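Chain A is the first sequence line, chain B the second, and so forth, proteins listed ahead of strands; every chain is numbered from 1. Values in this document were obtained by computation on a predicted structure and should not be read as measured data.
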2 protein chains.
Amino acid sequence: MTSGGHQPPVLSDVAALAGVSISTVSRVLTGRTPVSAALREKVQAAVAELGYRPNAAAQTLVSGRRSTVAVLARNTLRYGYAATLQGIEEAARAAGYVVSIAVVESEAPRDLDRAVDLVLSQSLAGAIVVEFDSLGVRTLEALPDALPVVAAAGARRRPGPRPHAFLDDQAGGEEATRYLLGLGHRTVHHVAIPSTRPRSGRTWGWRRALESAGVERPEVVQASYDPDSGYAAGLALVDDPSVTAVLCGNDELAIGVMRAFAERGRRVPEDVSVVGFDDQPFARMWSPPLTTVAQDFVDLGRRTLGMLARWVETGERPEDSAAQPTLVVRESAAPPRG
Amino acid sequence: MTSGGHQPPVLSDVAALAGVSISTVSRVLTGRTPVSAALREKVQAAVAELGYRPNAAAQTLVSGRRSTVAVLARNTLRYGYAATLQGIEEAARAAGYVVSIAVVESEAPRDLDRAVDLVLSQSLAGAIVVEFDSLGVRTLEALPDALPVVAAAGARRRPGPRPHAFLDDQAGGEEATRYLLGLGHRTVHHVAIPSTRPRSGRTWGWRRALESAGVERPEVVQASYDPDSGYAAGLALVDDPSVTAVLCGNDELAIGVMRAFAERGRRVPEDVSVVGFDDQPFARMWSPPLTTVAQDFVDLGRRTLGMLARWVETGERPEDSAAQPTLVVRESAAPPRG
DNA sequence: TTGTAGGCGTTATCAA
DNA sequence: TTGATAACGCCTACAA
C-alpha cells in the first residue's frame with residue numbers, strides 16, 4: 001500500500017518529499033550526525049509540511065531508549081499521594097519523561113498482580129512506588145530486580161535493596177512534641193496513624209521528645225487515617241483531665257479529634273491544644289487554623305523522580321535522600337490553662 | 001551477541017528452550033491460532049521458566065494496537081481534577097489500558113506545546129482532556145484531529161467536534177437555589193467561580209431558578225476558586241442585610257464566605273445560609289457541616305474513559321453523556337430568621 | 001498443526 | 001557528508 005491514504009506519515013514519506021534518503025532524514029531528526037545545511041533545510045521543510053512525528057514504538061524498539069516512568073500507588077486522590085504524584089509529573093515533564101500511573105486497588109494479590117502486569121506491559125525506563133502504606137512495601141517486592149525502581153516513602157526505613165526518597169517524619173513528630181512541651185504542657189498525648197512498620201516515624205519522634213524531656217509517656221491511641229477515626233480517638237481522650245495537648249498522626253485525625261472535643265465542650269486551644277501532621281490545604285482554613293507539621297510531598301515527588309532519572313541516565317544507583325518537615329504554628333495550640 | 005547475558009528473554013529464547021519455532025510461541029501467547037496441547041504446554045513452561053514478557057514496543061510496532069490513554073489536565077491535585085483522574089485510571093485498568101498523564105502548566109503557549117509534544121511522543125490509543133477551565137478548551141484544539149479525544153467537562157457545552165462527558169452543573173445550581181428559596185429566603189445571592197464560558201452552568205441554573213420563582217436577582221459576586229477569594233466575596237456581602245442565603249460556586253469559596261461572616265458576627269446558618277458546590281471531602285467535616293451540591297467526579301472519569309474505549313474499539317464516535325449532581329443537605333442552610 | 005519468511009518504522013553500521 | 005543495509009522483537013500471511 002502506498003502511503004497516500006490517511007496513515008500518519010513515516011520516515012520514507014519525508015525522505016521522498018525531500019528527495020533524500022531515509023538515513024539523512026533520521027540524521028537531521030536525531031541531530032547526532034552532521035548533515036549539510038542544504039539537505040537539512042529540505043528535510044525540515046518536508047517534516048513540517050507532512051506534520052511528521054516519529055513513531056515511538058519503532059524508536060524504542062531499535063534504540064532501546066525508554067522514556068516512560070510508571071508510578072505505582074495505593075491511591076491517587078488523598079492529599080499526600082496526589083501531591084507526590086504532582087511533583088513526580090512536574091519533574092518528569094521537565095526531564096522529558098512521560099509518567100504513567102497504576103493504582104493498586106487493595107491488599108488482594110490479584111489486584112497487585114493486575115497493576116504490576118499492566119505496568120510491566122509497557123517499555124519502561126523505570127518505576128516509582130509510593131510507599132506510604134504497607135501495600136507499597138509489597139508492591140516494591142513484586143517488581144522485577146532488573147527494573148530501576150525508586151520508592152517515595154513517608155518515613156525513613158533501613159537501607160534496603162531499593163533506594164528511596166523520604167520525609168523524615170520522626171524529626172517532625174519530635175519537633176511538634178517539643179513545641180507543645182515548650183508551651184508548658186505536662187505531657188503530650190498521641191493519636192497515631194497506621195504505619196508500614198510497627199510504629200510510624202512520627203510516633204517514634206513523639207516518644208523521643210517525651211523521653212528526652214523526662215516526662216510521662218501516655219498510652220498511644222491507635223487510629224486510622226480519616227476524621228471519623230479521629231473522632232473516636234477524641235472521644236477516648238476527652239474525659240481525661242490530664243489531656244491538655246494532643247499530637248495527631250495527620251490533619252484529618254486532628255479534625256476529628258477537635259470535633260469530639262467541641263461536642264463535649266472542651267475548647268481548642270483554650271482547654272486543649274491539638275497539632276496535626278501534613279499541612280493539608282484545609283488546615284489553614286480551619287477554625288481555629290490548625291498548627292501542624294508541614295510535609296512537602298510535591299518536593300518528595302520531584303526528588304524521587306530526580307533520583308530515578310539519574311539512575312537511568314548514568315547507571316549509578318542513587319543514595320537515599322531525606323527531607324525535613326517543618327512545624328507550621330497557627331492557632332490550635334496554646335499554653336495550658338492556669 | 002548471543003542472548004546469554006542479562007538481557008530480558010525474547011521470543012527466540014522461549015522458542016529455543018521449548019524446542020519449537022518462534023511462530024508457535026507467538027501463537028500460544030496471542031491465543032488467536034490453535035496450537036496442539038503438547039506444544040502449548042512446553043511453551044508455557046518455557047515462558048514461566050524464563051519469566052518472559054512480550055516487548056511492548058515490538059508488539060505495538062507490528063500490530064498497531066495501542067493501549068495507552070493520555071490524560072491532559074491543568075492540574076492533578078485539586079479535588080475535581082484528582083477525582084476525575086482516579087475514575088479514569090480505575091476504568092482504564094479494568095479495560096486493560098495504561099494511563100499516562102501530562103499537566104499543562106499555564107496559559108503560556110510553550111507550556112501547552114510542551115505537554116502536547118510529550119503526549120504525542122507516545123503511541124496512543126486516544127486521549128482525554130480534563131476541560132474544567134479555559135485552558136482545557138485550548139488543549140482540545142491543540143490535539144491532532146486524527147487522534148480519538150474525549151473531553152471530561154465540568155459543564156454542558158454545545159456539541160462540538162469532540163465528544164464529551166459532563167456534569168450538568170446547571171441543574172445542580174438550579175436545585176440548590178430552589179432549595180434555598182423553598183426554605184423561605186426572599187432571594188439567593190451568588191458567589192461565582194470562573195468559567196470556560198461567560199457564565200458557568202451553575203450560575204445559569206441559579207438565574208433560572210430565581211427567574212422562574214419571579215424573584216429579584218442580585219448582582220453576581222465574581223470570585224476565583226480559593227477560600228481567600230471566597231473570603232473577599234463574603235466581605236462584600238456581609239454588611240448587606242438583604243443577604244440571607246448565598247450559593248457559592250464551590251466548597252472552598254463557601255469556606256471563605258463563612259469565615260468572613262463569622263468574623264463579622266453573622267452566624268451560619270442562623271443569620272445566613274451558605275450552600276457550596278462539589279462536596280469535597282472536607283465539606284462534611286466542617287462546622288457546621290456544609291450543605292452542598294455533590295458532583296461525582298470519579299464517575300465522570302469512568303464514563304469518559306468508557307466513551308473513549310468504545311470509540312477506539314468500535315470505531316464509532318460516542319454520543320455526549322451527562323450526569324446530574326445531587327444536593328446534599330447538611331447543616332449550613334436553614335430558614336431565615338423570623 | 002507447524003515452520004518459514006516478510007515487514008512494521010526507526011537507528012546504527014558500513015561503504016562510498 | 002551521504003546512501004544502502006542490517007538489525008530491534010514481534011505478528012501473520014503463506015507454504016508445508
Could you tell me whether the phosphate oxygens of D:dT2, OP1 or OP2, come under 4.0 Å of any side-chain nitrogen or oxygen in A:Ser36? yes
Considering only C:dT10, D:dT2, C:dT4, which nucleotide approaches the side chain of B:Ser23 most closely? C:dT4
Taking only the side-chain nitrogens and oxygens of A:Thr24, find out if one of them lies under 4.0 Å from OP1 or OP2 of D:dT2. no
Whole angstroms only, please: what is the CG-P distance between A:Asp13 and C:dG9? 9 Å
Keeping B:Glu89 on the side-chain end and A:Val103 on the backbone end, is there a donor-acceptor pair under 3.5 Å? yes
Quickly work out the A:Lys42 NZ to D:dT1 C1' distance and round it to whole Å. 14 Å
What integer distance in Å separates A:Gln7:CD from C:dG9:C1'? 13 Å
Provide, to the nearest angstrom, the distance between the CG atom belonging to A:Leu11 and the P atom belonging to D:dA6. 18 Å
At 4.0 Å (heavy atoms only), tell me whether A:Thr30 reaches a base, stays on the sugar-phosphate, or touches nothing. sugar-phosphate
With respect to the side chain of A:Pro34, which nucleotide from D:dT1, C:dT2, C:dT10 is positioned closest? D:dT1
Is it the case that the side chains of B:Ser100 and B:Gln122 hold a donor-acceptor pair, with the cut-off being a distance below 3.5 Å and no angle test? yes
Answer with base, sugar-phosphate or nothing: what part of the nucleic acid does B:Leu39 contact at a heavy-atom distance below 4.0 Å? sugar-phosphate
Salt bridge present between A:Arg53 and B:Asp117 (N-O < 4.0 angstrom): yes
Rounded off to whole Å, could you give me the CZ-to-C1' distance for the B:Arg27 and D:dA15 pair? 12 Å
Less than 4.0 angstrom from a charged side-chain N to a carboxylate O is my criterion; do B:Glu90 and B:Arg302 meet it? yes
Do we see a donor-acceptor contact under 3.5 Å between the side chains of A:Thr60 and A:Arg65? no
Run the numbers on B:Glu105 and B:Arg114 for salt bridge (charged side-chain N to carboxylate O under 4.0 Å, His left out), then give the verdict. CA-CA 9 Å; B:Glu105 194 83 47; B:Arg114 175 77 183 163; over 6 Å; no
Using whole Å, report how far CG of B:Leu29 lies from P of D:dC11. 7 Å
Does a donor on one side chain sit under 3.5 Å from an acceptor on the other, for B:Ser23 and B:Ser26? no
Rounded to whole Å, how long is the line connecting atom CD1 of A:Ile22 with atom P of D:dA7? 17 Å
Selection: residues 45-63 of chain A, any non-hydrogen atom under 4.0 Å of DNA chain D: A:Leu61, A:Val62
Atom CZ of A:Arg66 to atom P of D:dG9: distance rounded to whole Å? 9 Å
